[in-house]
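Here is the naming used below: chain letters follow the sequence lines, and residue numbers restart at 1 for every chain.
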Amino acid sequence: VVSWTALLTAYAQNGHFTEAKSLFLEMPERNTVSCNAMLAAYAANGDMASSRALFNDMHGERDAVTWSTMITGYARNGDVREARKIFDAQPKCQCDVTAWNAMISGYGLCGDVDAATSLFAEMTTRDAVTWNSMLAAYAQNGHILAAKALFDSMPYKSLVSWTSLLVAYAESGHIDEARLMFDAMPRRDVVARNAMLSAYSQAGYIADARQLFDDMPVRSTVTWNAMIAGYGQNGLGGDAILLFQQMDVEGIPTDDITFVSVLDVCGSVAELQLGEIVHREVEAIGIEIGVTLGNALVTMYGRCGVLDLARQLFDGMPERD
RNA sequence: GCCCAUGUCGCUGUCUG
C-alpha cells in the first residue's frame, strides 16, 4: 500500500490526475493514507464532488489528515463556507493545529481577514505555521500595518515570515521597506532572493534585479522566470528573449510559467517568429497545453495579428476559462 | 520500539487592464 500511495501522490502532484485515479481504483488494498492522498488529488483537479463522496465513504477511517485535507480542498476551490462546515464537523477532541492553520489560510485566501483574525484569537495552541498563516492573511490582503505589527510580536520568525512581509511591502509599492527587510533577514534562501528580485523589477529597478540574479549562489526555475518576466514588464523584450535562450543552453528546466512569460513578451513586441518557435518547442517537449498555456498562445497570436491561428487554437482547447 | 506513503504558511506568469 505504501508504494502504491507514493506513486499515486507522484502522479497527482505532476498533474497526471487520470493515472492517479486509475491507480487508486486498481490498488489491491486501500487505507486511510491512500484515501487521503486521493482526496487531495481530487481537490487538486477541482473535483470536490468526488472528494466529498470519498470522504463520506471513509466514515470510521478518518484521521486528522483527512479533515485538514478536506478543509484545504474546499478553500482552494473557492468554497470557504463548506471548508468551515468541515472544520466545525470535526470531532471536538481532535485539536489538530494543522486543521486550524488550514482554516486560517482558507479565510486569508478568500479575503476574509476578520474571520481569520477571530479564529487566530480563539486558538490556544499556536505553532510557527499558525503565525505565518495569520501574517500571510494580513499581508496578502493589503493589511500591511497589521502584518507588520503581527510580525513584530511573533515569538519566532522564520524565513517564511520575513519573505511574506517583504513581498507585502513590494506589492504595495514600498520597495525601500522591502529592501530593508531583505537586508535585515538573518539568512536568505532562494525563495527570499527570488522575492527580492521580483520586488526590484516591479519597482523598475531592473539593474538591481539583474545584479541580484547574477549574484545568486543558487537559482531555481522561478528565478529565471522572474527575471524573464521582469525584463518583459520593463520593456526589455530582447533581454527577456536572450535569457530564455540561455535557459535552454544551460539546460535549466522550464515550466508553464516560463513559456507564458516568454509568449507574453513575444506578443507585446509582436515577435511572431519567436512566438512560433516557442510554440513548436512547447509541442516538442510534450507539455500538455492546458488553459494557462493555451491562453498565452491565443493572446500571443492575437497580438501578432494572426487571428486565424489564434481562433484555431481557441477552438482546439480542451478546456477554456 | 523505530524507519518508508497522505494534510496547513513565503517567491515567478497569461486575459479582464
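Close to B/rU8, at under 4.0 Å from its OP1 or OP2, lies a side-chain N or O of A/Arg76. Put simply, A/Arg188 has no side-chain N or O that comes within less than 4.0 Å of OP1 or OP2 on B/rC11.
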List the steps, then state whether side-chain hydrogen bond (donor to acceptor under 3.5 Å, both in side chains) holds for A/Thr32 with A/Asp63. CA-CA 7 Å; A/Thr32 302; A/Asp63 66 4; 5.4 Å; no
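Donor-acceptor pairing under 3.5 Å is lacking for the side chains of A/Asn36 and A/Thr69.
Nucleotide B/rC9 holds its C1' atom 14 Å from the CH2 atom of A/Trp131, rounded to whole Å. Taking atom OH on A/Tyr42 and atom C1' on B/rU6, their separation rounds to 15 Å, with Å as the unit. Whole-Å rounding puts the A/Phe120 CZ to B/rU8 C1' distance at 14 Å. Distance CD1 (A/Ile104) to C1' (B/rU8): 10 Å, rounded to an integer number of Å. Rounded to a whole Å, the CG atom of A/Leu7 is 14 Å from the C1' atom of B/rU6. Atom C1' of nucleotide B/rG10 and atom CG of A/Asn132 are separated by 7 Å, given to the nearest angstrom. Computed from coordinates, the A/Ile228 CD1 to B/rC11 P distance equals 19 Å when rounded to whole Å. To the nearest angstrom, P of B/rG10 lies 14 Å from CE of A/Met185.
Residue A/Val129 is in base contact, counting any heavy-atom pair closer than 4.0 Å across all strands shown. Contacts of A/Arg303 with the nucleic acid, taken as non-hydrogen atoms under 4.0 Å apart, involve only primed sugar atoms and P, OP1 or OP2. The residue A/Asn295 sits close to a base: some heavy atom pair falls under 4.0 Å. A/Asn31 comes within 4.0 angstrom of a nucleotide base, judged by non-hydrogen atoms across all strands. Counting any heavy atom pair closer than 4.0 Å across all strands shown, A/Leu159 reaches a base atom.
Here the nucleotide nearest the side chain of A/Asn101, chosen from B/rU14, B/rU8, B/rC11, is B/rU8. Taking the side chain of A/Asp96 as heavy atoms from C-beta on, and the options B/rU14, B/rG10, B/rG7, the nearest nucleotide is B/rG7. Candidate nucleotides B/rU8, B/rU6, B/rG10 were compared by shortest atom distance to the side chain of A/Gln140, and B/rG10 ranks first. Among the nucleotides B/rG10, B/rU8, B/rU14, the one closest to the side chain of A/Ser164 is B/rG10. Comparing atom distances between the A/Thr9 side chain and each of B/rC15, B/rU8, B/rU6 picks out B/rU6 as nearest. Nearest to the side-chain atoms of A/Val191 among the listed nucleotides B/rU6, B/rG10, B/rC4 stands B/rG10. Closest to the A/Asp189 side chain, of the nucleotides B/rG10, B/rG7, B/rU14, is B/rG10. Checked against B/rG7, B/rU8, B/rC11, the side chain of A/Ser68 finds its nearest nucleotide in B/rG7. When distances run from any side-chain atom of A/Ala226 to the nucleotides B/rC9, B/rU12, B/rU14, the shortest one goes to B/rU12. The side chain of A/Ala136 lies closest to B/rC9 when the candidates are B/rC9, B/rC11, B/rA5.
With A/Trp131 as the partner, the ring pair (Phe, Tyr, Trp, His ring centres under 6.0 Å) test is satisfied by one option alone out of A/Phe120, A/Phe151, A/Tyr156, A/Tyr138: A/Phe120.
Salt bridge status for A/Lys85 with A/Glu82: present, with a side-chain N to carboxylate O gap under 4.0 Å.
For A/Thr69 against B/rG7, a side-chain-to-base donor-acceptor contact under 3.5 Å is absent.
In terms of modelled atom types and a separation under 3.5 Å, the side chain of A/Thr163 and the main chain of A/Val160 share no donor-acceptor contact.
Using a 4.5 Å cut-off on side-chain heavy atoms (C-beta onward), A/Leu166 and A/Glu177 make no contact.
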